[in-house]
Amino acid sequence: MTSIGTGYDLSNSVFSPDGRNFQVEYAVKAVENGATSIGIKCSDGVVFAVEKLITSKLLVPRKNVKIQTIDRHVGCVYSGIIPDGRYLVNKGREEASSFKSLYSRPIPVPSLADRMGQYVAAHTLYNSVRPFGITAIFGGIDSDGPHLYMLEPSGTCWGYKGAATGKGRQTAKAELEKILDKETELTTEEAIKQAAKVIYMAHEDNKDKDFELEISWCSLEGTKGLHKFVTGQQLEDAIEFAKKETSVADFNDSDDDEDDNNDANVSSDDEAVDRDGDINIE
Amino acid sequence: MNGIQVDINHLKKGEVSLGTSIMAVTFKDGVILGADSRTTTGAYIANRVTDKLTRVHDKIWCCRSGSAADTQAVADIVQYHLDLYTSNYGTPSTETAASIFKTICYENKDGLSAGIIVAGFDDKTKKGEVFSIPLGGSVHKQDYAIAGSGSAFIYGYCDKNYKHDMSKDETVNFMKHSLSQAIKWDGSSGGVIRMVVLTKEGVERLVFYPDEYENL
Amino acid sequence: MNHDPFSWGRPSDETYGAYDTKIAQAPAFPKMNTTQPIVTGTSVISMKYNNGVIIAADNLGSYGSLLRFTNVERLIPVGNSTVVGISGDISDMQHIEDLLEEMKTENNYDNSYVDDEEALKPSYVFEYLATVMYNRRSKMNPLWNAIIVAGMEDKKPFLRYVNLLGVTYSSPTLATGFGAHLALPLMRRVVDREDDIEKTTLEVAENTILESMKILYYRDARSSRKFSMAIIDNDQGLILKKGLQVENMSWEFAKNIRGYGTQKV
């Protein structure tokens with residue numbers, strides 16, 4: 001069944017007869033075309049990383065930062081329509097600031113996730129607004145330890161050990177599952193390198209485009225619980241590690257790898273066409 | 001001219017006032033709040049068995065001094081906030097409770113006459129905490145706090161006799177002596193001495209009658 | 001000018017006559033705001049030297065003449081090159097602390113250079129506070145404080161004052177409250193003009209501040225022996241010393257004093 005032309009995809013506050021909100025599903029499409037972002041939860045903090053595609057040679061290298069800080073202990077990265085993400089982060093900052101001014105303690109990350117989730121969900125309920133065209137991965141350290149959440153255009157907000165979104169999410173998720181498939185959690189120091197690797201691997205499908213890697217972290221020891229960017233030698237080391245790992249993977253089992261890549265491509269293409277085969281935005 | 005004098009001017013004519021002796025003391029196992037039980041309108045005792053120790057959360061209580069109406073209203077609002085906080089984020093810390101009291105007292109400083117001591121026991125850290133919030137709406141974390149008109153007479157006594165990490169019996173004794181002196185010299189304080197003990201065991205109320213505390 | 005916090009912001013009696021209290025008891029309009037400080041902190045004193053700046057304030061919160069809170073910290077570091085010293089109402093001081101905390105948080109937003117070229121400098125902190133102070137007085141609802149911002153900026157010492165009226169000024173030596181009467185003349189014996197700063201070492205400046213705190217403890221009835229001192233030095237960075245005490249006081253001469261004039265025994 002195709003729903004195009006039935007009119008159920010025109011308004012946010014109208015269900016289709018089979019119980020779907022098409023505006024939200026189109027917002028998901030916007031995310032699926034965005035650059036890959038990931039988050040990893042560790043024993044001592046969280047790590048965020050994002051693939052920054054170089055859309056023009058005139059862009060100044062290392063400027064135009066993507067990852068944002070919501071409160072001093074909470075970081076956020078997102079894929080999709082970037083200004084939507086900026087807007088959501090501003091809302092998150094307001095919530096964090098008002099919490100602190102009334103209760104004189106930093107907002108617990110789960111409470112922030114709840115408030116941001118409600119705000120995004122509210123944008124699926126009214127026909128005067130459109131849903132957020134982003135999936136945000138955010139988290140940090142509070143008095144209960146590290147937290148990591150992923151917030152989707154529908155307002156769904158779940159906690160994860162590792163989260164990935166954007167174009168390369170299939171590859172990234174598969175890699176994250178391998179990395180996080182252990183009894184003991186990673187430390188943030190290790191996760192920085194792994195995060196770099198995941199982004200480099202997720203970029204393989206998109207190899208013709210140049211990209212920059214951006215990583216940030218919240219670590220009990222490393223950043224005293226604050227959200228900070230990974231810079232300098234630490235960043236160089238992570239990039240070097242990622243480059244080595246990806247080239248080794250290419251070399252070792254090029255056949256398998258090609259298959260993997262193909263699989264990833266096929267599955268992500270499938271996704272892009274449609275899960276059920278009845279949406280088509282072209 | 002000083003702050004205390006203006007406080008009295010602030011009370012509208014005929015308003016019921018808790019011209020009070022209140023205190024809260026941390027000790028080894030938690031914290032104890034104490035107060036006299038006198039409420040006056042001018043020189044007339046409107047209530048001789050008042051309860052100035054007010055619950056705002058399971059193990060966060062406050063001692064109220066100043067206008068009875070103002071402090072009851074403030075305590076009620078804080079209780080509401082902490083209820084809401086609990087259902088959203090779990091048990092609040094004493095500091096959070098003090099911060100809500102402060103916000104209300106600071107932002108309405110021109111309309112309120114409320115001097116409040118907030119005391120609570122934190123089940124996580126197993127520690128008692130005391131915050132004093134005087135007239136202007138500032139917050140002061142202290143090992144023990146005294147306030148109200150009667151407190152003026154016992155600054156010296158309390159400073160000399162307070163010790164860190166006392167036992168419960170020592171603490172009750174220290175507070176009984178302190179409040180008995182405050183009541184003795186302050187006309188606006190009197191009646192019975194009430195106490196509330198906050199520890200990991202829970203909440204315990206104590207009452208001491210004049211025949212007992214007058215002859216210590 | 002009368003530097004007693006209780007007199008700040010009032011029309012002086014010499015000029016306007018005693019205040020007509022009937023005005024204050026008028027009905028709801030005009031609205032009355034903060035009319036007096038309640039818990040107060042006394043002087044803040046500060047001076048520049050050849051490699052930085054020193055600022056000091058005691059740890060007392062007075063409630064009228066009652067020395068009620070003995071552990072109040074009135075020097076607030078902002079980043080690692082600025083210290084804000086606040087005298088006057090303590091509840092308003094705590095409000096200013098919240099504002100500064102918020103300012104730091106907001107400076108962090110989308111700022112990759114917070115630790116370097118976009119770190120908060122003393123002049124930024126000062127300009128912000130001066131704006132807040134002036135806006136509040138213009139709403140007839142002042143923050144009842146006198147504030148000194150001290151720090152290092154572009155390798156030069158920074159020192160500037162703002163009070164509840166929104167008045168601002170700079171000088172190589174600054175003091176609020178009683179300090180303006182008692183400590184300023186002492187500090188000016190060392191640093192009187194801009195070109196004296198170069199001749200003054202950290203050691204000399206520190207001794208001058210300690211000496212001034214001693215004099216203030218002798219003669220300010222709302223002061224305490226315990227105090228804090230911050231040094232913002234070009235080489236050593238920000239050093240905040242807490243829990244200091246006035247030392248080397250002179251009281252022995254009291255034994256030679258008998259009666260009040262002619263009495264000999």
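Letters A, B, ... are given to chains in the order of the sequence lines, protein chains preceding strands, and every chain is numbered from 1. What's counted below: heavy atoms across the whole structure, side chains too, no hydrogens, waters or symmetry copies.
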Practice problem: Determine whether the side chains of T168(C) and R160(C) contain a donor N or O and an acceptor N or O closer than 3.5 Å. | Solution: yes
Practice problem: Answer yes if the side chains of D220(C) and T42(C) hold a donor-acceptor pair under 3.5 Å, and no otherwise. | Solution: yes
N/O donor-acceptor pairs under 3.5 Å from side chains in residues 131-148 of chain B, not counting sequence neighbours:
{"from": "S138(B)", "atom 1": "OG", "to": "H140(B)", "atom 2": "NE2", "distance (Å)": "2.9"}
{"from": "Y144(B)", "atom 1": "OH", "to": "D159(B)", "atom 2": "N", "distance (Å)": "3.3"}

Kindly list each side-chain donor-acceptor pair under 3.5 angstrom involving residues 184-195 of chain B, sequence neighbours excluded, with atom names and distances?
{"from": "D186(B)", "atom 1": "OD1", "to": "S188(B)", "atom 2": "N", "distance (Å)": "3.2"}
{"from": "D186(B)", "atom 1": "OD2", "to": "S149(B)", "atom 2": "OG", "distance (Å)": "2.7"}
{"from": "D186(B)", "atom 1": "OD2", "to": "G150(B)", "atom 2": "N", "distance (Å)": "3.0"}
{"from": "D186(B)", "atom 1": "OD2", "to": "S189(B)", "atom 2": "OG", "distance (Å)": "2.7"}
{"from": "S189(B)", "atom 1": "OG", "to": "S21(B)", "atom 2": "N", "distance (Å)": "3.3"}
{"from": "S189(B)", "atom 1": "OG", "to": "S21(B)", "atom 2": "OG", "distance (Å)": "2.7"}
{"from": "R194(B)", "atom 1": "NE", "to": "T50(B)", "atom 2": "O", "distance (Å)": "2.9"}
{"from": "R194(B)", "atom 1": "NH2", "to": "V49(B)", "atom 2": "O", "distance (Å)": "2.8"}

Self-check item: Pair W251(C) + Y218(C): ring centers closer than 6.0 Å
Solution: yes
Quiz item: Which of residues 73-93 of chain B have a heavy atom under 4.5 Å from any heavy atom of chain C?
Solution: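 Not one residue of residues 73-93 of chain B has a heavy atom under 4.5 Å from chain C.
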Side-chain atoms of residues 95-103 of chain C: list all donor-acceptor pairs with protein atoms under 3.5 Å, sequence neighbours left out, distances to 0.1 Å.
{"from": "E101(C)", "atom 1": "OE2", "to": "R72(A)", "atom 2": "NH2", "distance (Å)": "2.4"}

